[in-house]
Amino acid sequence: MDGPALRQLLDDVRTGVVSPDDAASRLRRLPYADLGFAKVDHHRVVRQGIAEAVYGPGKTAEQCASIVAELVDGPEGSGGPVLLTRATDDQAEAALVRTPGGVRTGWTVVWNAVPQRTGRIIVITAGTGDLPVAEECSTTLEAYGFRPELLVDCGVAGVHRLLDVAGVLAEADAVVVVAGMEGALASVVGGITPAPVVAIPTSTGYGSSFEGITALLAMLSSCAAGITVVGIDNGFGAACAIARLLP
């Protein structure tokens, strides 16, 4: 239940469309629903504008399916998109069987994507190995109504590939940079575009990349002022940052 749905419920009580007892029953589940193994946060979308997502790792397929069902079918629905992230085949299948209508892309499943929003969002990767994280980011952005453009394999080792899309980056409303290795792409892009830049260090790289730590530290140390950096491989978090940044 989001803000408009809550106001509609209160208005329905005022006009007699909904009884006070029925409204109280709905509101009783609004803060969270206790499933025993999880407390599903229905109130998050009212507080943050972004609904709770379901993180697959560590959960059984049945637990994922139950949490997704509660978010989709709970009190007036979630008020926003419902995402199952980092899902295995078994988790995705169980959730889709119990709650049909979801769309799976890679390891992310989305129910109830919001209507299209304005804003030109660019997701750019340093290499093809960064695509799974970029795909998670793009899918999450689509769930929140954006239509991101994906630019692949534009790393600084072949900087001419990046220069070919410099005009596109300059016209963007926001850019997500997805890069492993030494993470240099974030600094270069940050120096090209005036748009907000959210950088995702990935675990792609050889020995001294330390599974993304080198890229993370490089992005945090960038000389391009104002770059926002999320955690290693966190495509979901980067997309949520963009959803909060843009109207």
Side-chain angles (χ1 to χ4, degrees), residues 49-57 68 80-89 91-92 95-96 101-155 161-162 164-165 167-181 183 185-186 188-190 192-193 195-204 212 215 219 227-247:
I50 295 178
E52 181 177 17
V54 186
Y55 179 69
V68 167
V82 174
L83 289 94
L84 172 58
T85 67
R86 304 296 171 97
T88 64
D89 290 342
Q91 290 170 334
L96 287 165
V103 177
R104 183 181 182 185
T105 304
W107 58 42
T108 307
V109 191
V110 176
W111 290 260
N112 299 343
V114 303
Q116 187 165 349
R117 297 164 64 172
T118 58
R120 188 178 188 185
I121 316 300
I122 306 299
V123 178
I124 183 170
T125 78
T128 306
D130 302 313
L131 267 176
V133 176
E135 187 176 68
E136 178 182 66
C137 180
S138 294
T139 300
T140 304
L141 286 167
E142 290 168 359
Y144 280 96
F146 297 107
R147 297 295 177 265
E149 301 172 42
L150 182 60
L151 304 177
V152 179
D153 203 16
C154 298
R161 301 172 301 181
L162 175 62
D164 283 344
V165 296
V168 175
L169 296 171
E171 296 174 355
D173 293 303
V175 180
V176 180
V177 178
V178 190
M181 300 291 187
L185 183 62
V188 180
V189 170
I192 291 175
T193 179
V197 175
V198 178
I200 311 172
T202 73
S203 51
T204 302
M219 290 173 175
I227 292 177
T228 297
V229 184
V230 299
I232 297 169
D233 291 336
N234 191 3
F236 169 80
C240 289
I242 296 296
R244 287 185 175 219
L245 279 168
L246 298 184

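Scanning both residues, F236 and A53, for their nearest heavy atoms gives CZ-CB, 3.6 Å. Nearest heavy-atom pair, A179 versus G183, reported as atom, atom and distance to 0.1 Å: CB-CA, 4.3 Å. What you find for E136 and W107 is that their closest heavy atoms are OE2-NE1, 3.0 Å. Contact between I50 and C240 at its shortest, heavy atoms only, is CD1-O, 3.8 Å.
Under the side chain to side chain contact (heavy atoms under 4.5 Å, CB included) criterion, V188 pairs with V156, L162, I192, not counting sequence neighbours. In this structure R120 satisfies the side chain to side chain contact (heavy atoms under 4.5 Å, CB included) test together with I122, E149, V168, E171, D173, sequence neighbours excluded.
Side-chain N or O atoms of R86 include none that pairs as donor or acceptor with a backbone N or O of T108 at under 3.5 Å. A donor-acceptor pair under 3.5 Å is absent between the side-chain atoms of T140 and the main chain of A239, judged by distance alone. Formation of a donor-acceptor pair under 3.5 Å by the R104 side chain with backbone atoms of V110 is not found in this model. Using a distance-only test at 3.5 Å, with no hydrogens or angles considered, a donor-acceptor pair links the side chain of T85 to the main chain of V54. Formation of a donor-acceptor pair under 3.5 Å by the T193 side chain with backbone atoms of L169 is found in this model. Not one N or O on the side chain of E142 forms a donor-acceptor pair closer than 3.5 Å with the backbone of R147. Proximity of a side-chain donor or acceptor of D164 to a complementary backbone N or O of R161 within less than 3.5 Å is not detected.
With a 4.5 Å cut-off on side-chain heavy atoms, V198 and I242 count as touching.
If you check the side chains of T202 and D233, you find no donor sitting under 3.5 Å from an acceptor.
Of the options V123, V178, V176, a side chain to side chain contact (heavy atoms under 4.5 Å, CB included) to L150 is made by V123 and by none of the others.
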